[in-house]
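Single-structure report; data block below.
Throughout, residue positions are numbered sequentially from 1 according to the sequence presented. Since the model is a prediction, treat every value here as computed from it, not as a measurement. Every number for a ligand or one of its atoms is a count from 1 in the order of the listing.
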Amino acid sequence: MKVNGIHYRPVWQAADGSAVEIIDQTKLPHEFVVARLTSMADAAHAIRAMLVRGAPLIGATAAWGLWLAMREDASDAGLTSAYEALMQTRPTAVNLRWALDAGRAKLAPLPAGERVEAAAAFARHVCDEDAELNHSIGRHGLEIIRAIAAKKPGQTVNVLTHCNAGWLATVDWGTATSPIYQAHDAGIPIHVWVDETRPRNQGAFLTAWELGNHGVDHTVIVDNAGGHLMQHGQVDLCITGTDRTSANGDVANKIGTYLKALAAHDNGVPFYVALPSPTIDWTLADGFAIPIEERSADEVTRIPGRLDDGSIGAVTITPEGSKAANPAFDVTPARLVTGLITERGTAPATPEGLLGLFPERRAAGED
Ligand SMILES: CSC[C@H]1O[C@H](OP(=O)(O)O)[C@H](O)[C@@H]1O
């Protein structure tokens, strides 16, 4: 999407082909910094330290990480070592496993001398495919928003979203934000309640920045305000992303998503999940086996931002000696999900709903 009128993706191959470049999301919203990744270790660090984050973008960056790795050592041992190092970066987003499995399957049969170029071609394919999937999700999600707008002519559609499932979490368009951008571009009056999304504040830092850059009206709220807004009729629908959705429609997403879904269910607010198919884990019958990442306590006890003197820093917000726990995701049961918006259309959050859109998975005996 655009930043100051210039089109960006969050990850790309440097123009001279010598490196991978990323928008360093740990610097946003106060600084726009492009970082260069010149080794597989750089790519692994970028994922683990969340310079890039978001399930599809993690997969895309891992694909570019394989390219960087093949430039260093294109042997079978080099491929195996890169696969294992990148796989260990973050456990929840299934796109990471999907991209690395597909990349290894593409590269392993090739002679070492062909692997560098093949890895670059694979990474470009992953990126271009992700952008297309997300645009399609947007088209299908737009119809949901359009139907809501038709019931309140001349009024604004209020959408609540949690975390950042925007173009910064993907290669382009975002997943949860793609319907929002397309509704905005179609002239539908839309406003977004942006959950700040503690502790990493992806909503306040990233979603707000994205929406502002695209001219979408939005309001940042604390995570605990969403239920109150739903109780008072100020939310027409919720749309979130997902890091891994099991075959029965259970949804792993940023911590706090489950609580939003409970509030939406209690108040009759539609709760949709934008779900590109590489984020579906067909091997899991339900979501409770999805690994939940535990991140460091200092993400809870400290918060970064712009200090009063204009410099960028961080402050500690908890007493010395207080422990902090930091589960980074939770699982929303399918029964709380109104629908799954995929690139092939919107399905009920059920095994049959997903297989109806992806019948080839039935053929593979995955039902
Ligand atoms: C389009 S998937 C975005 C998904 O990823 C985020 O997690 P993180 O920022 O920790 O990578 C969050 O769960 C978003 O919904």
Please report, to 0.1 Å, the donor-acceptor pairs under 3.5 Å made by any side chain of residues 118-127, with sequence neighbours excluded.
residue	atom	partner	partner atom	Å
R124	NH1	Q13	OE1	3.1
R124	NH2	E117	OE2	2.9

Do N164 and T207 have a side chain donor and acceptor closer than 3.5 Å?
-> yes
Within the distance-only criterion (no hydrogens, no angle test), does the side chain of D217 pair as donor or acceptor with the backbone N or O of H191 below 3.5 angstrom?
-> no
Could you see which bit of T242 sits under 4.0 Å from ligand 1, with heavy atoms only: side chain, backbone, both or neither?
-> backbone
Those atoms of ligand 1 less than 4.0 Å from some heavy atom in A169 = 1 (C), 3 (C)
Counting both backbone and side chain atoms, is some N or O of M50 under 3.5 Å from an N or O of ligand 1?
-> no
Could a heavy atom of N253 be found less than 4.0 Å from some atom of ligand 1?
-> yes
protein heavy-atom neighbour closest to atom 12 (C) of ligand 1 works out as C163 SG, 3.4 Å
Work out whether the distance between some heavy atom of R90 and some atom of ligand 1 is less than 4.0 Å.
-> yes
Applying a 4.0 Å heavy-atom criterion (strictly less than), which segment of Q202 is in contact with ligand 1: side chain, backbone, both, or neither?
-> side chain
Logged contact type for P56 with ligand 1, heavy-atom cut-off 4.0 Å, is side chain
Compute whether any side-chain donor of one residue and acceptor of the other, for S311 and D309, lie under 3.5 angstrom apart.
-> yes
Exam field: side chain K260 to backbone A264, donor-acceptor pair closer than 3.5 Å | no
min-distance protein heavy atom vs atom 13 (O) of ligand 1 -> D243 OD1, 2.5 Å
Look at the side chain of D185 and the backbone N and O of A183, then say whether any donor-acceptor pair between them is shorter than 3.5 Å.
-> no
Any heavy atom of H162 sitting closer than 4.0 Å to ligand 1?
-> no
Under a heavy-atom criterion of less than 4.0 Å, does N164 contact ligand 1?
-> yes
Looking only at side chains, do R36 and S18 share a donor and an acceptor under 3.5 Å apart?
-> yes
Sorted by chain and residue number, the side chain to side chain contact (heavy atoms under 4.5 Å, CB included) partners of S75 (sequence neighbours excluded) come out as D73, A77
Specify the protein heavy atom at minimum distance from atom 1 (C) of ligand 1: its residue, its atom name, and the distance to 0.1 Å.
-> T175 OG1, 3.3 Å
